[in-house]
There are 2 protein chains.
Amino acid sequence: MSRSNPRVLNTLERAGGFASAQEVYHLMQRAGESIGLTTVYRSLQSLADDKIVDVLRRDDGESIYRLCGDAHHHHLVCKGCGDAIEIPGGAIEKWARTMAEEHGFRDVGHSAEIYGLCQKC
Amino acid sequence: MSRSNPRVLNTLERAGGFASAQEVYHLMQRAGESIGLTTVYRSLQSLADDKIVDVLRRDDGESIYRLCGDAHHHHLVCKGCGDAIEIPGGAIEKWARTMAEEHGFRDVGHSAEIYGLCQKC
DNA sequence: TATGGAAATGAAAATCATTTTCATTTCTGC
DNA sequence: GCAGAAATGAAAATGATTTTCATTTCCATA
């Protein structure tokens, strides 16, 4: 009994990586698709219930969604100009798994970000 | 220039573990202390800026605060109950430094968090 | 093909933590 | 004592999310 609108999932795919409900909504609007914000919220929630997407919280409290199992990467963000470079997770992946295991955590994901000043700034 | 009301820190200590701004506020009310919600928010924010307390997000989006040990650490957060365990950074520290160096970034910091379901959930 | 109920939809209102505004009070140094 | 700075808090604003509810779309079956 999927209550999820397929176009929402589609948009999330197109977005690549994380997107908030509001972002998905605006993406769809810009793409000329007619949909209500309520439906976007309901669909994302349903996708999360079905374990099709991961839910996280951004620092500002907004919920962000991502397709599960997506190859993920991390970001190197410049505090000056805001530029973000995608970088591989490397050692983090193992660290996360080890730490989680050590404390008996299941169904584990992680987020990591490096910030600093880039060469130009 | 501390903008933090000492009674707020005091209450957070008494609370033990995590407490949200609203919870701290109600605790103080119940204790007969006169304080405004605004001041509670400002004080907790200031304590967080000064790295005296840790800030996390509960699943419902509410921010929760806890006195933190001085060592640099990361968090293992349960998606179910919101419990957070402090864990050492380990490999991450080096990873962050390496990645930053590789791209010529200076003045580098990082954030990382692992989330999953704890044994109880 | 009609029909009746279930599910989906979305606009608008409600909720709720947090932030902002701004007038007032409390501190400080002189 | 006094001026200016900092702290305070009530009330309004903000913004994401949820709820309400009337309407529309589906779909199985008569």
With sequence neighbours excluded, residues passing side chain to side chain donor-acceptor pair (under 3.5 Å) with A/E102:
none

Considering only nitrogen or oxygen atoms on both sides, find all protein atoms under 3.5 Å from nucleotides 21-24 of chain D and state each distance.
none

Nearest whole Å is fine: how far is D/dT17 P from A/H26 NE2?
12 Å

When you check the phosphate oxygens OP1 and OP2 of C/dT18, does a side-chain N or O of B/S63 lie under 4.0 Å from one of them?
yes

For atom OH of A/Y65 and atom P of D/dA16, their distance in whole Å
13 Å

With a 4.0 Å limit, can you tell me whether A/Q45 has a side-chain N or O closer than that to the phosphate oxygens OP1/OP2 of D/dT17?
no

Please state whether the phosphate of C/dT9, meaning OP1 or OP2, lies under 4.0 angstrom from any side-chain nitrogen or oxygen of A/T38.
no

Take the protein atom CG of B/L37 and the nucleotide atom C1' of D/dA12, then report the distance between them rounded to whole Å.
14 Å

With heavy atoms under 4.0 Å as the rule, sort B/S34 into base, sugar-phosphate or nothing.
sugar-phosphate

What integer distance in Å separates A/L44:CG from D/dT18:P?
10 Å

Taking OP1 and OP2 of D/dT18, is either one under 4.0 Å from a side-chain nitrogen or oxygen of A/Y41?
no

Between A/Y65 and A/L12, is the side-chain contact (heavy atoms from CB on, under 4.5 Å) condition met? List the steps.
CA-CA 8 Å; A/Y65 305 82; A/L12 196 56; 4.1 Å; yes

Within the 3.5 Å criterion, strictly below it, is a donor on B/Q29 or B/Y25 matched to an acceptor on the partner's side chain?
yes

Which of D/dT17, C/dA17, C/dT9 is nearest the side chain of B/E62? It is C/dA17

Roughly, in whole Å, what's the span from CG in A/D60 to P in C/dT18?
12 Å

Test of understanding: with salt bridge (Lys or Arg N to Asp or Glu O under 4.0 Å), list the residues that count as partners of B/E23, not counting sequence neighbours.
B/R58

Write down the protein N/O and nucleotide N/O pairs, taken from nucleotides 13-16 of chain C, whose separation is under 3.5 Å; answer none if there are no such pairs.
none

Roughly how many Å is it from CD1 in A/I35 to P in D/dT25, rounded to a whole number?
15 Å

With sequence neighbours left out, write down each residue that passes salt bridge (Lys or Arg N to Asp or Glu O under 4.0 Å) with A/R97, or none if nothing qualifies.
none

Salt bridge (Lys or Arg N to Asp or Glu O under 4.0 Å) partners of A/R106, counting only residues at least two apart:
none

Distance, rounded to the nearest Å, where A/E23 contributes CD and D/dG15 contributes P:
15 Å

So, do A/H110 and B/H74 have ring centers that fall under 6.0 Å from each other?
no

Within this structure, what is the CG-CD1 distance for the pair B/L9 and B/I52, rounded to the nearest 0.5 Å?
6.5 Å

Rounded to whole angstroms, how far apart are CE on A/M28 and C1' on C/dT9?
12 Å

Decide yes or no for A/E33 and A/R7: does some side-chain heavy atom of the first lie under 4.5 Å from some side-chain heavy atom of the second?
yes

